[in-house]
Amino acid sequence: MVSLQHLIKVAVALDQSGGSTPKALKAYGINESDYNNDEQMYDLVHAMRSRIITSPVFTSDRIIGAILFENTLDREIEGKPTSQYLWEEKGIVPFLKVDKGLEDKANGVQLMKPMPELNQLLAKAKTKDVFGTKMRSVIWEANEQGIRDVVAQQILFAQQIINAGLVPIIEPQVSIDSPEKAQAEIILNRELMSQLDQFAP
């Protein structure tokens, strides 16, 4: 009999950006006093990610995909671009985080910041055998207009990503700390179904 444990596969998030990288390194045992600038910080976090990815237990037996930060996409593991190493050596599907962070809260949500260079980033991802993308918005309140705007923005960028030949993961995330979480999720589900019905990829 096959156990449930052997049926479950996960996607691994290795996409900490500039703002969240110090926290990830600190959890790994590296403090901000251990590096002097962003380049050293990114070198350290790539070494950390490389150690994780090359580990013999980091395999497609349990992991279906890995989400990468653009800086990681531009680096190599054992002489291969990180995304190609994931697929060719590990059989793990590479995804790319494309959002540039969040706007300030308005209408109970945080939309994604503009992505004026998205087409160039998608073209680069295609050359490195990236399969798809991930982008995150955050919902804090059960605000119908705000949630409608979040879904519309996610779908707008999803269309652009599909047109570039990649598969988008949309992530309109209801915060676990929202006091209106249950109601916000009801509105989100309704808006997703409504706007996806009109989506023409």
Side-chain angles (χ1 to χ4, degrees), residues 9-21 23-24 63-74 82-83 86 92-201:
K9 291 194 177 186
V10 299
V12 177
L14 300 172
D15 62 340
Q16 294 86 6
S17 57
S20 57
T21 295
K23 184 177 178 181
I63 302 165
I64 193 170
I67 303 167
L68 305 175
F69 176 46
E70 183 181 359
N71 187 278
T72 308
L73 187 71
D74 293 333
T82 304
S83 52
L86 278 166
I92 293 170
V93 179
F95 291 83
L96 177 65
K97 167 185 157 66
V98 294
D99 70 80
K100 301 302 180 183
L102 300 169
E103 298 276 20
D104 292 336
K105 188 189 294 185
N107 290 331
V109 304
Q110 287 180 277
L111 295 171
M112 294 178 288
K113 290 181 178 178
M115 294 186 263
E117 299 177 354
L118 180 58
N119 280 332
Q120 296 95 306
L121 178 58
L122 296 173
K124 178 169 71 173
K126 283 281 289 183
T127 67
K128 298 193 176 184
D129 299 331
V130 170
F131 177 76
T133 66
K134 190 271 282 190
M135 49 191 175
R136 183 178 72 106
S137 315
V138 178
I139 297 166
W140 295 95
E141 301 170 13
N143 183 302
E144 301 223 11
Q145 185 59 55
I147 294 172
R148 187 175 300 119
D149 292 343
V150 161
V151 174
Q153 185 190 48
Q154 287 272 347
I155 289 178
L156 180 67
F157 283 126
Q159 181 71 72
Q160 188 176 349
I161 291 160
I162 290 170
N163 290 344
L166 295 163
V167 176
I169 299 172
I170 66 171
E171 187 184 356
Q173 179 189 85
V174 179
S175 172
I176 195 169
D177 296 319
S178 169
E180 303 173 334
K181 186 173 184 293
Q183 185 60 28
E185 288 178 343
I186 291 170
I187 298 170
L188 175 59
N189 182 67
R190 186 175 69 234
E191 282 301 320
L192 283 169
M193 294 301 100
S194 173
Q195 295 195 41
L196 285 172
D197 281 345
Q198 304 169 44
F199 185 49

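The analysis underlying the following values was restricted to heavy atoms, covering all of them including side chains, and did not include hydrogens, waters or symmetry mates. Numbering starts at 1 and runs along the sequence shown.
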Nearest heavy-atom neighbours spanning Pro168 and Thr133: CA-OG1, 3.4 Å

Heavy-atom pair of closest approach, residues Ile147 and Glu141: CD1-O, 3.7 Å

Candidate pair Leu121 and Leu96, rule side-chain contact (heavy atoms from CB on, under 4.5 Å), full reasoning: CA-CA 9 Å; Leu121 178 58; Leu96 177 65; 3.7 Å; yes

Step-by-step side-chain contact (heavy atoms from CB on, under 4.5 Å) determination, Gln110 to Glu103: CA-CA 5 Å; Gln110 287 180 277; Glu103 298 276 20; 5.6 Å; no

Nearest heavy-atom neighbours spanning Val174 and Ala184: CG1-CB, 4.0 Å

Donor-acceptor list for residues 188-195 side chains, cut-off 3.5 Å, not counting sequence neighbours:
unit_1, atom_1, unit_2, atom_2, d
Arg190, NH2, Glu144, OE1, 2.8
Arg190, NH2, Glu144, OE2, 3.2
Glu191, OE1, Gln195, NE2, 3.1
Glu191, OE2, Arg148, NE, 3.4
Gln195, OE1, Ala152, N, 3.3
Gln195, NE2, Arg148, O, 3.2

Gln154 side chain vs Met135 backbone, donor-acceptor pair below 3.5 Å: yes

Residues Asp149 and Gln145: side-chain donor-acceptor under 3.5 angstrom: yes

Value rounded to 0.5 Å, distance of CD1 in Ile155 from CG in Leu196: 4.5 Å

CE on Met112 to NZ on Lys100, rounded to 0.5 Å: 12.0 Å

Qualifying salt bridge (Lys or Arg N to Asp or Glu O under 4.0 Å) pairs, either residue in residues 163-184, two or more places apart: Lys134-Glu171, Lys181-Glu185

Stepwise side-chain contact (heavy atoms from CB on, under 4.5 Å) test for Ile187 and Gln183: CA-CA 6 Å; Ile187 298 170; Gln183 185 60 28; 4.0 Å; yes

Within residues 104-136 or reaching into it, pairs that qualify as ring-ring contact (aromatic ring centres under 6.0 Å, His included) - sequence neighbours excluded: Phe95-Phe131

Pro172 versus Val150, closest heavy-atom pair with distance: CB-CG1, 3.6 Å

Heavy-atom pair of closest approach, residues Val138 and Ser175: CG1-CB, 4.2 Å

Inter-residue atom distance Phe157.CZ - Met115.CE, 0.5 Å rounding: 3.5 Å

Ser137 backbone acceptor or donor facing Gln173 side chain under 3.5 Å: no

Reported CG-to-CG distance for the pair Asp99 and Leu111, which is rounded to 0.5 angstrom: 12.0 Å

Heavy-atom donor-acceptor pair, Ser83 side chain to Pro94 backbone, under 3.5 Å: no

Check ion pair Glu117-Lys124 (N to O, under 4.0 angstrom): no

Taking every non-hydrogen atom, the tightest pair across Ala66 and Leu86: CB-CD1, 3.9 Å

Thr82 side chain to Thr72 backbone, donor-acceptor under 3.5 Å: yes

Atom CG of Asp104 with >12 non-hydrogen neighbours under 6.0 angstrom: no

